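Note that this is a predicted model, so its numbers are computed, not measured.
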Amino acid sequence: MFACSMDFHLYPLDVQSCVIHLESYGFTSDVVVYLWVKDKPVTIQNAILPLYNIENTPTTSVELCDVNSFPGENEFSCLQLTIIFQRAIGYYMLEIFVPDMLIVIMSWVSFWLHPLAVPGRISLGAITVLTMSSQGSTARLNAPQVSYPKAIDVWTLFQAMFVFAALIEFSIVNVLARRKVSEETAAEMAAKRKEIHVYDNVLASKQMSEEEADKIAKKKYRESQGNDMDPNFDDNRRPYLPLAKKIDIISRRAFPAIYACYIFLFWVIVGNV
């Protein structure tokens with residue numbers, strides 16, 4: 001039975017190198033010298049492991065062992081066999097990496113919903129956060145139990161951070177969209193909006209009454225805020241709703257761009273370590 005010391009810092013993208021020494025027990029190198037046969041001294045047959053890929057012809061070498069079985073200056077002949085275990089990534093791609101990426105992408109759907117669509121956005125955010133937590137627990141359950149962080153731990157942590165960041169973005173947007181001002185402030189802001197947005201083509205028509213112009217102005221503003229179906233919407237008292245929508249528009253581009261950079265850096269760094 002042979003034991004192999006493994007390093008799981010890059011798990012599940014790790015490559016394990018197991019070295020086996022065959023050393024003479026009772027005869028020094030002056031009496032017995034071990035040599036590998038030529039060509040292919042060692043061949044692994046039918047080496048099919050579920051989660052590893054193994055070379056059929058392992059690396060072999062002949063050397064005098066540095067660590068002697070007996071004290072003194074005697075050296076013993078030693079044969080060294082190195083077997084490379086490369087972890088198969090297909091299982092982890094299907095069970096961990098691809099589902100995690102799909103969950104993160106699904107959390108971005110909330111950026112296309114209205115800032116005041118609380119039930120839909122909060123449900124989507126909560127579902128993605130809980131699903132990502134479940135995915136992380138499954139990944140840690142099947143991972144080797146070691147005291148140092150692994151590549152899969154870093155991956156899971158950042159996936160949860162991206163999903164949680166989308167939920168925080170909704171909280172900020174919703175607070176801004178729901179924030180109201182006083183009646184006096186609303187009246188002043190409404191008057192300024194009329195000067196800028198309302199009378200651009202109303203003033204061109206002298207035959208239109210002030211009441212009709214005001215109705216058109218309010219309808220145009222509701223359309224600009226994406227709420228033209230609700231005539232009773234108190235748009236005058238929600239001055240931060242346009243800012244909330246602008247944050248959503250920026251998030252639609254910023255979140256995918258940052259996430260793509262992270263994915264690229266993760267695979268480049270872990271794949272080349």
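- At distances below 3.5 Å, at least one donor-acceptor pair connects side-chain atoms of Asn272 with backbone N or O atoms of Val268.
- Minimum interatomic distance between Met106 and Leu124 (heavy atoms only, all atoms of both residues): O-CD2, 3.7 Å.
- Side chain to side chain, Tyr259 and Gln159 meet the donor-acceptor criterion of an N or O pair below 3.5 Å.
- The aromatic rings of Trp155 and Phe97 lie perpendicular to each other, with more than 60° between the two planes, well past the 30° mark.
- Gln16 places no side-chain N or O within 3.5 Å of a backbone atom of Asp14 that could act as its donor or acceptor partner.
- At distances below 3.5 Å, at least one donor-acceptor pair connects side-chain atoms of Asn174 with backbone N or O atoms of Pro115.
- Checking each of Trp112, Tyr262, Phe170, Phe111 against Phe255 for a ring pair (Phe, Tyr, Trp, His ring centres under 6.0 Å) leaves exactly one that passes, namely Phe111.
- Side chain to side chain, Gln86 and Asn53 fail the donor-acceptor criterion of an N or O pair below 3.5 Å.
- With respect to Asp248 and Arg121, a salt bridge is recorded, a charged nitrogen being found less than 4.0 Å from a carboxylate O.
- There is a path of hydrophobic side-chain contacts, each under 4.5 Å, that joins Leu102 to Ile152.
- Between the side chain of Thr156 and the main chain of Asp153, no donor-acceptor pair closer than 3.5 Å is present.
- Just one residue in the list Ser110, Ser251, Ser107 forms a side-chain hydrogen bond (donor to acceptor under 3.5 Å, both in side chains) with Glu169, and that residue is Ser251.
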